[in-house]
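Below: one structure, written as structure tokens.
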Amino acid sequence: MTRFRDLIAKAANPTGTVFILLALILVGVFAMNPGFFEGPSLMAFLKQAAPLVILAAGQYFVIVSGNFDLSVGALVGAQVVIAARLIDGEESRTLPVILAMIAFGVAVGLVNGLITTVLKVQSFITTLGMLLVLYGAIRLWTGGAPTGSLSEAFRQAGRFGIEDVPVLGQVPWALLIMIGLGAGAIALMRSRFGRVLMASGDNERAAALSGARVDAARTAAFVLSGLSATVAGILIGGYAGVSAQVGDGLEFTVITAVVLGGVVLGGGRGTVLAAMAGALTIEALFTLFNQMALPATLRPTVQGAILIAAVAYAARQRARPAPAPATPTATATATPS
Amino acid sequence: MSETPLLSMRGIGKSFLGVPVLHGVDLTIEQGEVHALVGENGAGKSTLMKILAGVHSADAGTVELNTGESGGRMVSFTHPLQAQHAGVASVFQEFNLLPELSVAENVHLGREPRRRGLIDRRAMAERTAEVLADLGVEDLAPTAKVGSLSVAHQQITEIAKAVSQGADLICMDEPTAALADAEVELLYRLVRRLKERGVSVLYVSHRLKEIFDLCDRITVLKDGRLVQCADTADITPDDLVTAMVGRRIEAVFPERLEGTAAGEVRLEVRGGGNAWVDGIDLDVRAGEIVGLAGLQGSGRTEIAEAVFGIAPFTRGTVKVDGKPIRITRPRKAIGAGIALVTEDRKAQGLALRQSVRANARMVLDANARVHSRKRLNRIPGLLSSLDLVARGEDQEVRYLSGGNQQKVVVAKWLAAEPGVIVLDEPTRGIDVGAKHKLYSVIRELAAEGLAVLLIASELIEVIGLADRIVVLHDGRIAGELPGGATEQDVMAYATGRRAEESRPA
């Protein structure tokens, strides 16, 4: 009984809801296509979902600290184009170019973070500006159509994996990278950095008065988001190939995913695990749409509806237990002095 | 007194997320009565008041209201406006005023008198002036912008609004919490005036003096239950405290602990000054409790903020444990072993949506210089030694009562094992039991060799706890008194009536 009540309590908070939602959608997918849960098709789904999950983890850091990062989609696109142009089919350039991409991702995050924290520009505007800058610069640089091509080694991560595993078939590198980075993100949120980030998103004044370097933590969150976009760019480039449109609209999908995970815009609330589950949920939903033969053009509309619904749901959740401190009376109140 | 009471609430019950906060509480208020609602923080006073105001709705029980011509009827408010229309107005600690509008506009908000479809500003100002005059308020102009008013005048505006809406019952939540002494007098007059006019007042407060000065009857809540409802004449302050906390407080302030001795100077300020304070010379020794007294705006909080690096001293020198240090940021202060329990725990002290544990370890997490595994491991013991009442370390601090929230704030600082602790209004808005606990904790800290700088606007606290009292006036030190000095002596310095001879202005 208590366990059942615990389960209900967990489901009632937005962070728990996403797992139930994910389960329901997967049941739907299974009903439409019982073959979905066979090893190879499940692996294919996870390979495709991995970039969004990684982006969600990056976006989570920014959102939980009280900001937004709208520039990730443009950054993913830029990274793919940069990779193709600089590698230009030469295997030997793979590693140096990946290092350059990481440096670029860090730099973009740093610029976003410093403009937001030092110049006090709202992150919504900062990263919207960054989105436009990247979008324009890439088109200027490539003259409209991306040139060059990726190397085989570069494409490994997004496309291939450990082959011929029993039952599962191919275990994609993307999945392993996703699991590794996901575990890293969870560990990071349990570290002092993560705790400071969370506190900064909840009450930056209290955090600063406790000695937290709020601005530094928030800037680091943007850098993590830039890095996640870099990794996502490597995976998406490898998986889907080179085009300048590859990241378009991704920022909205990822923010929808994070919010669906119960992470509250404005900061201080939600877990990175739930944010990543939100990304999986979105991908599962799109898979369901495919199986139902719904047009892909429906996606933005659905995303918008989810975004609004999730934020409204979270707002209701917050409104219900009013800010008035309700004191537990269940515990003993004996206060011997 | 009329036959039927103005308000009778019967068997009111309320739970938040399955946690019961009120259990079958009764409350009766007669017409023209000033009725005190008392209890420790978390006793359920605010919740009861909010049910009456229509902010929350009760899970159980009935509310009967006899206002105006409507006669006795059952009501249940699901929206604050319904309560307002039924003649119940509430003045919360956070005012419901629009700072950009004038007093008259706020008083008539949503009910502006109109003339030819336009707002009749003159009528509005006149009516407001009438209401104010009726309340005996002379120094408040109806045209003044609310944002520029003092807290006291904003409160008067709220009350005037309630009166002009024809309220039969005005509920006031801790109305004196943010008022200076002279302003409290004004509020007293106002409440008595309301009573004369037959308006009932529900007065929610911790302050015993006010309750006995003003109220006709007292309802005591404890842990969400009704403990007692008595005529003020039939109960003594001691009995009331006992009823509130369920035990008798032996002495209000605990004695200094044995073995407490003033040692080396841990915090030394010489000639400290910035835009708010000047010429501050201050020594706080290990084992010593130094009280900072002064009126609101005299620079008490500003000294705390300067010492802690929030608004640093721009002149003078500071030494911590004999070492000169320029404290330019809170991080530096923390690194030097200084802690500051801020005045406003909700805005500055706590991340309300985070757990007790997350808040208690915040200082350790945020500062590599004080972080250690050993200190982290001490936190659970620290919390229980403060008698924290919470459902567990995972509970979000916003669900704790004010007193327990303050204990979490104190714990987060003690976790860092500071050498100097500055406490700015540590007992503001917390219940008697928690206050008493904090007093003992302050004594224990001194006994352990911490240097304690205590700021409190309730003089009795400074007098009862401090070994020395430094009195501020107008941003400067007006004088110094030994602990246990009289309130008159402190006030003489604080009001500038007496200035220290050695300190030419």
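The analysis underlying the following values was restricted to heavy atoms, covering all of them including side chains, and did not include hydrogens, waters or symmetry mates. Every chain is numbered from 1 and lettered A, B, ... according to where its sequence line falls, protein lines coming before strand lines. Quantities reported herein were computed from a predicted structural model and do not represent experimental measurements.
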**Per-residue contact mode, B:Lys14 against chain A (heavy atom under 4.5 angstrom)** = neither

**Asked** Going from CD1 on B:Ile379 to NZ on B:Lys412, what distance comes out if it is rounded to the nearest 0.5 angstrom?
**Response** 11.5 Å

**Asked** Relative to chain A, which segment of B:Ala339 carries a heavy atom at a distance below 4.5 Å: side chain, backbone, both, or neither?
**Response** neither

**Message:** If you count heavy-atom pairs within less than 4.5 Å of chain A, which of B:Met362, B:Glu396, B:Gln354 leads?
**Reply:** B:Gln354

**Residue B:Arg361 versus chain A: region with a heavy atom under 4.5 Å** = side chain

**Request:** May I ask you to list the residues in residues 188-202 of chain A that approach chain B closer than 4.5 angstrom, counting heavy atoms only, ordered by number?
**Result:** A:Arg192, A:Arg195, A:Val196, A:Met198, A:Ala199, A:Asp202

**Message:** Before you tell me yes or no, could you show the steps for B:Val397 and B:Val356 under side-chain contact (heavy atoms from CB on, under 4.5 Å), namely the whole-Å CA-CA distance, both residues' side-chain angles and the distance that decides it to 0.1 Å?
**Reply:** CA-CA 6 Å; B:Val397 292; B:Val356 168; 4.0 Å; yes

**Prompt:** Does some side-chain heavy atom of A:Glu251 sit less than 4.5 Å from a side-chain heavy atom of A:Phe68?
**Reply:** no

**Request:** Measure up the B:Tyr439 and B:Phe253 rings against each other and bin them: parallel (under 30°), tilted (30 to 60°), perpendicular (over 60°).
**Result:** tilted

**Request:** Would you please test B:Leu350 and B:Val409 for side-chain contact (heavy atoms from CB on, under 4.5 Å) and show each step?
**Result:** CA-CA 7 Å; B:Leu350 294 168; B:Val409 176; 3.5 Å; yes

**Message:** As a quick check of understanding, evaluate side-chain contact (heavy atoms from CB on, under 4.5 Å) for A:Leu55 and A:Thr253, giving each step before the final call.
**Reply:** CA-CA 10 Å; A:Leu55 280 175; A:Thr253 312; over 6 Å; no

**Prompt:** Okay, side chain of B:Asn404, backbone of B:Leu388: is any donor-acceptor separation there less than 3.5 Å?
**Reply:** no

**Asked** Are B:Gln406 and B:Pro426 close enough that some pair of their side-chain heavy atoms sits under 4.5 Å apart?
**Response** yes

**Prompt:** So, do A:Asp69 and A:Phe61 sit near enough that their side-chain heavy atoms are less than 4.5 Å apart?
**Reply:** no

**Prompt:** Residue by residue, which of residues 305-312 of chain B have a heavy atom closer than 4.5 Å to a heavy atom belonging to chain A?
**Reply:** B:Phe308, B:Ile310

**Asked** Which members of residues 208-224 of chain A, sorted by number, sit under 4.5 angstrom from chain B on a heavy-atom basis?
**Response** A:Ala208, A:Leu209, A:Ser210, A:Gly211, A:Ala212, A:Arg213

**Asked** For B:Leu364, is it the side chain, the backbone, both or neither that has a heavy atom under 4.5 Å from a heavy atom of chain A?
**Response** backbone

**All side chain to side chain contact (heavy atoms under 4.5 Å, CB included) counterparts of A:Ile306, not counting sequence neighbours** = A:Thr256, A:Leu260, A:Ile282, A:Leu285, A:Val302

**Request:** Taking the side chain as every heavy atom from C-beta outward, state whether A:Met178 and A:Met276 have any pair of such atoms under 4.5 Å apart.
**Result:** no

**Message:** Test your reading of the model: is there a side-chain donor-acceptor pair from B:Asn367 to the backbone of B:Val370, 3.5 Å cut-off?
**Reply:** no

**Side chains of B:Asp424 and B:Thr301, donor plus acceptor under 3.5 Å** = yes

**Any side-chain heavy-atom pair of A:Val62 and A:Ser123 under 4.5 Å** = no

**Message:** Walk me through whether B:Val422 and B:Trp413 qualify under side-chain contact (heavy atoms from CB on, under 4.5 Å).
**Reply:** CA-CA 10 Å; B:Val422 184; B:Trp413 288 112; over 6 Å; no

